Amino acid sequence: MQVPLLDLKGQFAALKPEIMTAIEQLCDSQMFVLGAAVSKFEDEITAYCGAAGSCGVSSGSDALLLALMAEGVGAGDEVITTPFTFFATVGAIARVGAKPVFADIDPVTFNIDPAEIEKKITPKTKAIIPVHLFGQMADMDPIMELAKAHNLCVIEDAAQAIGAEYKGAKAGTFGKYGCFSFFPSKNLGGFGDGGIITTDSAESLERLKIFRNHGMNPKYYHKYIGGNFRLDALQAVVLSIKLKYLDGWHTARENNAAEYVEMFNASSAADKLILPAKADYATRHIYNQFSIQVKDGKRDMVRDALVKAGIGCDIYYPLPLHIQECFADLGGKLGDYPKAEAAAESVLALPIYPESTTEMREYVVSTIAQALA
Ligand SMILES: *Cc1c(COP(=O)(O)O)cnc(C)c1O
């Protein structure tokens, strides 16, 4: 049996007539940049998340960059974030000329630990970027309290967490900005790159929309130096259709995760693994990834066994950001963030996509149990 880590073909086949009709209509209109399709999709995301407004952008990476630019974060400023994330979180901070400052993670949720954030706040700190990793939100109450006490801007990196909930409220509604990605492998994936920023006020929304279009308002008059961060209408049309099915896909992922937990707990591998845990505060984990931890340094051996058995899996992420070559000038070294480093050495993401089957999970679990026997 072959089990891919992610297979989007089934999802597309089910929606193909609806999507192709909408694409054809858009082609007939020849309106490809921003316009009605993008505005409609922005309103839908605003309603879905329960935010004050949304600004469609070119990618999740650009969402982070644009939020920092609109906030005026730059040289001389410090931004606190997690070392255990996708590169784009930290890349955006460096690209605006600010200094990334890391705070170690909670080993259970893999998310930034608020107690560690507090230790890193200095007079230069401007913002905090918590990342809602794998589809589970960071512990937002203490993060928002710290931000309020020290007058810091919170930018949620919700690229993996659209629809995830913390105490009943959705990702992207806690910070001043919520940054989302529609990269095809996210729970809501487009037909290429795309992203969106949710905001807490009409004022920030207006600023974002100006920055997204070269800082231009009115036409050819530039108050700010923005950039081209626009969302394509083609992506908006596809995403508007897919959004209607998103909660159903989330539910399928939740069910798949519950089934994995049951199967692993009943297997001989149970005490050799740490399964993904849902925090008490997490009213919804959307399982963008189902990342197990393999104990006793056996992760790479298990990965090799899965690959050999035709099972897709991946390591998110093998090298924490503080020890990436491009950030050497920040002076980070092995040992600085032990929890992030331990996670990087033990995590392994397994197939969890909505259309994956019980038989596939049985095969994955038995292959892992055999490898660890
Ligand atoms: C995917 C991702 C991004 C970047 O999104 P793109 O749309 O690929 O640019 C940023 N942060 C995290 C945590 C991500 O997973």
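Just so you know, ligand 1 is whichever comes first in the structure, and atom 1 is the first atom listed for that ligand. Since the structure is predicted, the reported quantities are computational estimates derived from the model, not experimental observations.
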F86 N/O under 3.5 Å from ligand 1 N/O: no

Answer yes or no: is there an ion pair linking E355 with K9, defined by an N-O contact shorter than 4.0 Å? no

Which atoms from ligand 1 have a heavy atom of Q160 less than 4.0 Å away? 13 (C), 14 (C), 15 (O)

Give the residue, atom name and distance (to 0.1 Å) of the protein heavy atom nearest atom 7 (O) of ligand 1. S181 OG, 2.6 Å

Taking it one step at a time, do Y166 and D139 satisfy side-chain hydrogen bond (donor to acceptor under 3.5 Å, both in side chains)? CA-CA 8 Å; Y166 177 89; D139 191 359; 2.6 Å; yes

Please check if the side chain of Y281 supplies one atom and the backbone of M137 the other of a donor-acceptor pair under 3.5 Å. yes

Between N187 and H250, is the side-chain hydrogen bond (donor to acceptor under 3.5 Å, both in side chains) condition met? List the steps. CA-CA 7 Å; N187 285 30; H250 287 339; 3.1 Å; yes

For ligand 1, which atoms have a heavy atom of V131 less than 4.0 angstrom away? 13 (C)

Centre-to-centre under 6.0 Å for F191 and F182, is that the case here? no

For atom 14 (C) of ligand 1, what's the nearest protein heavy atom and its distance? K186 NZ, 3.0 Å

Nearest non-hydrogen protein atom, atom 11 (N) of ligand 1: D157 OD2, 2.8 Å

Backbone, side chain, both or neither: what part of T85 comes under 4.0 angstrom of ligand 1, heavy atoms only? side chain

Near A88, which atoms of ligand 1 are under 4.0 Å from a heavy atom of that residue? 4 (C), 10 (C)

Do you know which of T198, D43, D247 makes side chain to side chain donor-acceptor pair (under 3.5 Å) with Y48? D247

Name the closest protein heavy atom to atom 9 (O) of ligand 1, giving the residue it belongs to and the distance to 0.1 Å. S61 OG, 2.5 Å

F183: ring-ring contact (aromatic ring centres under 6.0 Å, His included) partners, not counting sequence neighbours: none

